[in-house]
Protein chains: 2
Amino acid sequence: MRADGTTPKVNRDSTERVISHVRDLIARGELHPGDRLPAERDLSARLGVSRPTIRAGLRALAAMGVVKPRHGSGTYIPEGPPTLVTEPLRFLAALHGLTREEMYEARRVLEVSAAGLAAERASAEHVAAIAEEVASLFASIGDPVQFLVHDIRFHRAVAAACGNPIIASLVEMVAALYYEQRRETAARATDRNLRDAADLHRGIYLAIRKRDADHAKALMNRHLLHSAAYQAEEERPHPLPAGRRKPARKGRGGRVAPARSRD
Amino acid sequence: MRADGTTPKVNRDSTERVISHVRDLIARGELHPGDRLPAERDLSARLGVSRPTIRAGLRALAAMGVVKPRHGSGTYIPEGPPTLVTEPLRFLAALHGLTREEMYEARRVLEVSAAGLAAERASAEHVAAIAEEVASLFASIGDPVQFLVHDIRFHRAVAAACGNPIIASLVEMVAALYYEQRRETAARATDRNLRDAADLHRGIYLAIRKRDADHAKALMNRHLLHSAAYQAEEERPHPLPAGRRKPARKGRGGRVAPARSRD
DNA sequence: GCGCAAAAGTGGTCAGACCTCAAGGGCCCC
DNA sequence: GGGGCCCTTGAGGTCTGACCACTTTTGCGC
């Protein structure tokens with residue numbers, strides 16, 4: 001056994017110790033975005049736990065988006081703006097049968113507020129970034145796929161301009177689900193649709209530039225409502241698979257999928 | 001094994017396969033909140049991967065809050081309302097040096113909107129639940145710890161009453177960080193503080209009951225602004241540990257006034 | 001029929017080994 | 001001398017199989 005005796009009986013939750021250790025490294029400022037974590041084998045020796053346990057902790061951190069392993073290279077902390085992982089939200093939606101309308105509404109709440117905040121305090125750089133995407137939107141009329149790319153970038157730019165990284169990352173998280181749906185129907189948009197959308201985006205941009213928060217919020221709200229309605233129309237015969245009913249079925253085991261041998 | 005050697009795609013991201021398998025089980029409606037997953041050893045045999053790999057996948061799902069292992073019993077899907085894990089947000093805050101003010105603001109954006117929605121569509125049960133917490137708040141004046149409990153429940157009830165589980169879970173996620181800070185300073189609140197707070201909560205409740213969304217939002221906004229200012233005052237000599245690399249202090253500061261007079 | 005102890009089942013951890021991949025440095029060929 | 005190839009090194013990814021800790025169930029004895 002280890003002779004250091006630093007943690008005599010605290011064998012409880014070894015995996016949690018790994019996570020805590022990384023948390024400490026971050027809290028003490030020894031680990032920043034872009035940095036590489038110590039190798040798993042090093043951590044194993046350092047913390048006095050086996051490598052599988054280290055890996056379990058790192059896997060959990062990776063699932064939370066705190067860390068990103070690169071095969072053959074090391075485990076890194078992602079760079080760039082703060083980002084929340086969207087996977088949990090996806091599972092939540094599937095598990096509880098959350099509807100698309102609820103997603104749209106959540107997105108609206110966040111983005112409308114973000115637009116208002118952006119109008120109040122967007123920096124010149126942020127305003128310029130938004131302007132550029134508006135220009136690209138107009139330039140992309142006739143190319144729905146490209147239009148969608150700049151549409152997403154526009155909303156991202158607005159979220160970033162709100163000056164609050166937390167709100168921005170929440171917007172990203174919720175909007176990500178939306179974009180997936182969107183990609184499928186994007187190609188069917190007509191030039192008329194795109195032109196209208198571009199005009200709306202421009203209106204939002206102008207309101208932000210004029211520091212008119214109320215107007216920016218109202219326009220963003222209108223835009224998202226319209227967009228959601230359009231999406232819903234496009235996917236009419238497409239109800240969500242899982243129902244929300246209270247199941248409360250507690251069968252022991254045995255409810256496993258039929259084989260599905262290998263694929 | 002395949003002898004033809006045609007790039008056994010199976011080896012690609014075994015852990016991801018585990019997650020996908022669970023996702024499929026959920027999507028096909030074979031797994032609901034409260035259910036128990038197949039045992040790790042069973043999954044191992046069924047998916048043709050080793051148990052450590054199965055564990056890696058389950059650990060990732062656990063980190064996302066999709067699944068909750070119970071030692072000696074099994075791995076379960078949590079019951080109750082949809083919930084997002086708070087841990088990622090905590091790490092994000094530490095990594096990027098997010099400030100408490102930004103947290104407060106995010107919470108305000110979410111809860112103000114939630115209050116508005118609640119006013120528009122809260123069911124009778126929801127209104128009753130809110131009312132009960134308001135009553136408990138008044139009954140808890142003189143007991144700061146108990147007051148905090150009902151304070152949290154009040155906000156949770158409002159979030160639930162907004163009728164959108166996604167927004168409700170977002171509120172929970174962000175507010176959870178807030179509560180941790182709060183617990184430390186709660187005991188120092190005076191009866192006068194509590195009485196004022198209870199009155200504010202009651203005002204919010206009344207606005208929701210009267211379906212006055214604008215008033216509910218305004219009151220919630222005021223309440224949270226005041227609460228944040230009070231918190232900031234209480235923890236004055238307590239800056240965040242990890243500093244943001246590029247300070248970029250937003251020139252429009254002063255959101256939290258140094259209202260030292262208030263106490 | 002009841003209570004308690006044993007047994008079975010399940011997640012948690014450990015050990016060591018082997019594989020694949022990414023990156024650098026040294027070697028060889030041009 | 002320079003550039004490209006290859007091997008070494010070190011990293012994460014997976015496997016095997018065993019043992020431990022905890023929960024739940026079972027069945028025995030009272």
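So that the names make sense, note that chain A is the first sequence line, chain B the second, and so on, each numbered from 1.
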Output yes when at least one side-chain N/O atom of [X] is less than 4.0 Å from OP1 or OP2 of [N], else no.
| X | N | result |
| --- | --- | --- |
| B:T15 | D:dT14 | yes |
| A:S73 | D:dA11 | no |
| B:S14 | D:dG13 | no |

Going from NE2 on B:H32 to CG on B:L25, what distance comes out if it is rounded to the nearest 0.5 angstrom?
11.0 Å

Between the CG atom in B:L92 and the CD atom in B:E87, the distance rounded to the nearest 0.5 Å is 12.0 Å

Would you please test B:M173 and A:M173 for side-chain contact (heavy atoms from CB on, under 4.5 Å) and show each step?
CA-CA 13 Å; B:M173 177 172 70; A:M173 177 172 69; 4.0 Å; yes

B:Y178: ring pair (Phe, Tyr, Trp, His ring centres under 6.0 Å) partners, not counting sequence neighbours:
B:Y104

Pairs of donor and acceptor atoms involving the side chains of residues 148-164 of chain B, under 3.5 Å and at least two apart or interchain, shall be tabulated with distances.
{"residue": "B:H150", "atom": "ND1", "partner": "B:E133", "partner atom": "OE1", "Å": "2.8"}
{"residue": "B:H150", "atom": "NE2", "partner": "B:Q146", "partner atom": "NE2", "Å": "3.4"}
{"residue": "B:D151", "atom": "OD1", "partner": "B:H155", "partner atom": "NE2", "Å": "3.1"}
{"residue": "B:D151", "atom": "OD1", "partner": "B:H201", "partner atom": "NE2", "Å": "3.0"}
{"residue": "B:D151", "atom": "OD2", "partner": "B:R182", "partner atom": "NH1", "Å": "3.1"}
{"residue": "B:D151", "atom": "OD2", "partner": "B:R182", "partner atom": "NH2", "Å": "2.9"}
{"residue": "B:H155", "atom": "ND1", "partner": "B:E111", "partner atom": "OE1", "Å": "2.8"}
{"residue": "B:H155", "atom": "NE2", "partner": "B:H201", "partner atom": "NE2", "Å": "3.3"}
{"residue": "B:H155", "atom": "NE2", "partner": "B:H223", "partner atom": "NE2", "Å": "3.2"}
{"residue": "B:R156", "atom": "NH1", "partner": "B:E172", "partner atom": "OE1", "Å": "3.0"}
{"residue": "B:R156", "atom": "NH1", "partner": "B:E172", "partner atom": "OE2", "Å": "3.3"}
{"residue": "B:N164", "atom": "OD1", "partner": "B:I166", "partner atom": "N", "Å": "2.9"}
{"residue": "B:N164", "atom": "OD1", "partner": "B:I167", "partner atom": "N", "Å": "3.3"}
{"residue": "B:N164", "atom": "ND2", "partner": "A:E102", "partner atom": "O", "Å": "3.0"}
{"residue": "B:N164", "atom": "ND2", "partner": "A:E105", "partner atom": "OE1", "Å": "2.9"}

Below 4.0 angstrom, which residues in residues 64-72 of chain A have at least one non-hydrogen atom near DNA chain C?
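Heavy-atom cutoff 4.0 Å gives A:H71, A:G72.
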
Taking the side chain as everything from C-beta on, heavy atoms only, tell me whether [X] gets closer than 4.5 Å to [Y].
| X | Y | result |
| --- | --- | --- |
| A:F147 | A:L137 | yes |
| B:I26 | B:V22 | yes |
| B:L47 | B:S44 | no |
| B:P78 | B:P33 | no |

Without decimals, in angstroms, what is the distance between [X] [atom1] and [N] [atom2]?
| X | N | atom1 | atom2 | answer |
| --- | --- | --- | --- | --- |
| B:D13 | D:dG13 | CG | P | 8 Å |
| B:Y76 | C:dG9 | OH | P | 15 Å |
| B:L47 | D:dG13 | CG | P | 19 Å |

Check each residue of residues 50-61 of chain A for a non-hydrogen atom within less than 4.0 Å of any atom in DNA chain D, then write out the ones that pass by number, or none.
A:R51, A:R55, A:R59

Any residue in residues 36-44 of chain A with a heavy atom nearer than 4.0 angstrom to DNA chain D? Just list them by number, or reply none.
A:R36, A:A39, A:E40, A:R41

Taking the side chain from A:S169 and the backbone from A:P82, do they hold a donor-acceptor pair closer than 3.5 Å?
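Checked: no pair found.
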
Which atom pairs, donor and acceptor, lie under 3.5 Å between side-chain atoms of residues 52-64 of chain A and protein residues at least two apart or in another chain?
{"residue": "A:T53", "atom": "OG1", "partner": "A:S50", "partner atom": "OG", "Å": "3.2"}
{"residue": "A:R55", "atom": "NH1", "partner": "A:E40", "partner atom": "OE1", "Å": "3.3"}
{"residue": "A:R55", "atom": "NH1", "partner": "A:E40", "partner atom": "OE2", "Å": "2.8"}
{"residue": "A:R59", "atom": "NH2", "partner": "B:T15", "partner atom": "OG1", "Å": "3.3"}

